[in-house]
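See structure below.
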Amino acid sequence: MFTIIVKENTLEMASAAFEVLKEVLDKKPDAVLGLATGSSPIGLYKKMIEDHKLTGRSYKDVVTFNLDEYVHLDRNHSQSYYTFMKEHLFDFIDIDLKNVHIPNGNADDFDAEVMRYEEELSKFHVDVQVMGIGSNGHIGFNEPGTPFTATTHIEALKESTRNDNARFFASIDDVPTHAVTMGIASIMKAKKIILLASTSYKAKAIAAMIHGPVTEKCPASVLQNHPDVVVIVDKAAASLLADEGH
Ligand code: F6R
């Protein structure tokens with residue numbers, strides 16, 4: 001079930017997302033959070049840091065699982081998702097890095113790594129999963145065509161995704177071709193999902209997720225089968241929704 005919140009700008013989106021997250025953290029200071037990288041959650045992470053400084057809210061008992069990591073990027077590479085999480089969140093809150101889980105993009109044995117990550121994840125129950133959506137409807141790095149039954153696996157990135165992410169690299173050739181990602185089945189186990197999307201570039205994917213058929217061609221459409229998804233969008237991303245007046 002979707003709860004759709006349409007906001008004026010990314011600042012207001014971040015505040016709305018933080019309100020939802022705060023409700024979970026207030027009740028459960030040792031909550032298990034699913035986290036994402038990319039542009040969409042940055043405002044929310046800023047809010048979390050601000051709140052931590054202002055109220056002293058502690059993250060020392062919080063456990064986190066990130067959705068994905070690029071393959072063949074060392075975790076200390078400037079564009080690894082490990083570096084992203086340190087620079088946008090972990091370095092500014094009191095999280096215990098022992099409780100942080102991000103797939104190892106530089107594993108010697110990727111079969112073992114995907115099994116290890118899924119096994120670790122299965123020991124917990126994600127209370128709230130924060131995520132963005134790809135312009136092609138991907139969630140995590142589950143690209144169109146990925147079976148809904150997939151658990152953590154290696155995914156070949158579509159050219160459109162590599163192009164979308166090229167803005168963070170010196171050239172398209174530097175964008176990794178593969179990622180380790182939580183699967184759709186793993187993501188669907190989260191008790192609650194907060195999905196953030198802004199700009200008209202995401203409008204088609206948001207409309208397909210909410211109104212389109214549930215099909216592996218649009219991985220995010222599977223969320224129609226999830227009991228609690230809070231979709232937080234700006235007006236541009238909401239522009240193709242049937243009832244924009246949410
Ligand atoms: C990132 C992730 C991706 C992004 C998506 C949107 O961890 O899993 O699915 O959420 O590609 O990226 P942005 O937010 O940069 O538009």
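Numbering of ligands and ligand atoms starts at 1, following listing order.
- Residue G140 has at least one heavy-atom neighbour below 4.0 Å for each of these atoms of ligand 1: 2 (C), 3 (C), 8 (O), 9 (O).
- R75 contributes no side-chain N or O that, together with a main-chain N or O of G105, makes up a donor-acceptor pair within less than 3.5 Å.
- With respect to atom 14 (O) of ligand 1, the closest heavy atom belonging to the protein is S40 OG, 2.5 Å.
- No donor-acceptor distance shorter than 3.5 angstrom exists from the side chain of H226 to the backbone of Q224, with no hydrogens or angles considered.
- Here is the list of ligand 1 atoms found below 4.0 Å of a heavy atom in A36: 7 (O).
- Distances below 4.0 Å separate heavy atoms of K202 from the following atoms of ligand 1: 6 (C), 13 (P), 16 (O).
- Counting only distance, with no hydrogens or angles, the side chain of S200 and the backbone of A236 share no donor-acceptor pair below 3.5 Å.
- Contact check on D51 versus K22 returns no salt bridge, with no Lys/Arg side-chain nitrogen under 4.0 Å from an Asp/Glu carboxylate oxygen.
- Residue Y81 places no N or O, backbone or side chain, under 3.5 Å from any N or O of ligand 1.
- The distance from ligand 1 to the heavy atoms of G132 drops below 4.0 Å at these ligand atoms: 10 (O).
- S80 places a side-chain heavy atom less than 4.5 Å from the side chain of E69.
- The distance from ligand 1 to the heavy atoms of S39 drops below 4.0 Å at these ligand atoms: 13 (P), 14 (O), 15 (O).
- The option with the heavy atom closest to atom 4 (C) of ligand 1, from among H138, M131, R167, is H138.
- When hydrogens are left out, the protein atom nearest atom 1 (C) of ligand 1 is T37 OG1, 3.2 Å; that is the closest non-hydrogen contact.
- Separation of atoms NE2 (H52) and CD1 (I93) is listed at 7.0 Å; rounding is to 0.5 Å.
- Of all protein heavy atoms, the one closest to atom 6 (C) of ligand 1 is I133 O, 3.4 Å.
- Ligand 1 places these atoms under 4.0 Å from at least one heavy atom of L67: 8 (O).
- Looking at T161, D68, N136, it is D68 that brings a heavy atom closest to atom 8 (O) of ligand 1.
- Scored by the ring pair (Phe, Tyr, Trp, His ring centres under 6.0 Å) test, H101 finds F65, F124 as partners (sequence neighbours excluded).
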Atom pairs and distances, side-chain donor-acceptor, residues 167-174, under 3.5 Å, sequence neighbours left out:
residue: R167; atom: NH1; partner: D164; partner atom: O; Å: 2.5
residue: R167; atom: NH2; partner: S39; partner atom: OG; Å: 2.6
residue: S171; atom: OG; partner: D173; partner atom: N; Å: 3.2

